[in-house]
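Below is one structure, written out as structure tokens; comments come after it.
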Amino acid sequence: MPELPEVETIRRTLLERVLGLNIIEVKVLWPPVAQNWQDRIFAEVVCGRKIESIERRGKYLLFTLDEGWSLVAHLRMTGRLNYYSCVQVPERHTHLVFSLNQGELHFSDVRKFGRIQLIPTDLRFRLASLAKLGPEPLDADFTANTLGKRLASKKTNLKTALLDQRVLAGLGNIYVDEALFRSGLAPERKVCSLSADEIGKLYGAIREVLQASILAHGTSLRDYRDANGRAGNFQDLLQVYGRGAQPCLKCGRLLEKIRLAGRTTVFCKSCQS
DNA sequence: ACTAACCTGTAA
DNA sequence: TTACAGGTTAGT
């Protein structure tokens, strides 16, 4: 479900609700969600901890707790983190309930792909999944030059390269297609064939589309909601994603829909090359 | 570099 | 009934 703008929106809405609160009880309703920990031990460690900060890295949410512990969450396709100010009966697909000293935080996930991992804070970035992530596209020190270097070693097409979290952290199927359309580059273009000027356009498009989506609180097509249960609005501003066979908003030609990197890919054959 | 696997729900 | 869905990974 969520890509960078959605995870960032969840982070921001969570901050307003749970920062500084204490976890007073943990219920693990579906044990595999806690990954490598026995659910009883997971609950034992997390119980009594205070939520000291919530950060984002790519599509991961990092909760720093006190006593040197952290929770690392990935929502995959349909995971949700929902805050309730009052005690709430868990809905159908809820796998984890954190009772706080003020309200409750529920983790639910229809498809059961999402995970919340408990790990000592100082070992966080040793997690293979976090260690291999590429740069944050919205960081101040991420430049077009950095993007160029990241892409330089790749022999694949643009779509495949941009979906690769080791190249750049946080893009998924929606924002790759949107950024490529906005930069006028075809998803099938070989990465090594890009000029410096094209890298610059791609860089600008990636940053712009991510910023715009965060401003709109993310894209809600089906499942995505922020921590308050509210949908985002960026679905109204998508230019290609989900618009296969519909007219291009720039030139009117019908958009192409192909399969690339195992994902549905939509683009305009006239506007993107 | 692709595909299957992990899951459930929804729409064609 | 089949295909497909904001993702990642382990296996060819």
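Letters go in sequence order (proteins before strands), and every chain restarts at 1.
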Can you tell me how far [atom2] of [N] sits from [atom1] of [X], to the nearest Å?
| X | N | atom1 | atom2 | value |
| --- | --- | --- | --- | --- |
| A:Ile258 | C:dC4 | CD1 | C1' | 17 Å |
| A:Leu238 | C:dA5 | CG | C1' | 15 Å |
| A:Lys132 | C:dG7 | NZ | C1' | 11 Å |
| A:Lys190 | B:dA1 | NZ | P | 9 Å |
| A:Arg76 | C:dG7 | CZ | P | 10 Å |
| A:Gln117 | C:dT8 | CD | P | 15 Å |
| A:Glu188 | B:dC2 | CD | C1' | 16 Å |
| A:Arg115 | B:dA5 | CZ | P | 17 Å |

[X], nearest nucleotide to its side chain (from [options]):
| X | options | result |
| --- | --- | --- |
| A:Asn173 | B:dA1, B:dC7, C:dG7 | C:dG7 |
| A:Arg92 | C:dG7, C:dT8, B:dG9 | B:dG9 |
| A:Arg259 | C:dG7, C:dA5, B:dA1 | C:dA5 |
| A:Lys59 | B:dA1, C:dT8, C:dA5 | C:dT8 |
| A:Thr156 | B:dT8, B:dA1, C:dA5 | B:dA1 |

- prompt: Heavy atoms under 4.0 Å, any strand shown: does A:Gly262 hit a base, just sugar-phosphate, or nothing?
  reply: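 No contact.
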task: Give one of base, sugar-phosphate or nothing for A:Asp223, where a contact means two heavy atoms less than 4.0 Å apart.
output: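 Base contact.
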- prompt: Considering Watson-Crick and G-U wobble pairs with both distances under 3.5 Å, what does B:dC7 pair with?
  reply: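 Base partner found: none.
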Check [X] against [Y] and note the closest heavy-atom contact, atom names and distance.
| X | Y | value |
| --- | --- | --- |
| A:Asp66 | A:Arg49 | OD1-NE, 2.6 Å |
| A:Gly232 | A:Ser220 | N-OG, 2.7 Å |
| A:Val266 | A:Val240 | CG1-O, 3.3 Å |

task: Indicate the ring-plane relationship of A:Phe234 and A:Tyr175, choosing parallel, tilted or perpendicular according to the 30° and 60° boundaries.
output: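 A:Phe234 vs A:Tyr175 ring planes: tilted.
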query: When the ring planes of A:His95 and A:Trp30 are compared, do they come out parallel, tilted or perpendicular, using 30° and 60° as the limits?
result: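 Rings of A:His95 and A:Trp30: tilted, 30 to 60°.
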Check the phosphate of [N] against [X], side-chain N and O only, distance under 4.0 Å to OP1 or OP2. Yes or no?
| X | N | result |
| --- | --- | --- |
| A:His93 | B:dT8 | no |
| A:Thr264 | C:dA5 | yes |
| A:Gln165 | C:dT8 | yes |

message: Which is more 5' along DNA chain C, the nucleotide nearest A:Glu3 or the one nearest A:Ser129? Just name the residue.
response: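 Between the two, 5'-proximity favours A:Glu3.
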query: Is the ring of A:Phe113 stacked on the base of B:dC7, with centres less than 5.5 Å apart and planes under 30° off?
result: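 It does not: the two rings, one from A:Phe113 and one from B:dC7, miss the stacking criterion.
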Span that lies between the P atom of B:dC7 and that of C:dG11, in whole angstrom: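 One P to the other, the span is 15 Å.
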query: If we take the P atom in both B:dA1 and C:dA5, what is their distance in whole Å?
result: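 It works out to 22 Å between them.
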- prompt: Is the ring centre of A:Tyr203 less than 6.0 Å from the ring centre of A:Phe142?
  reply: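 So the answer is yes for these two rings.
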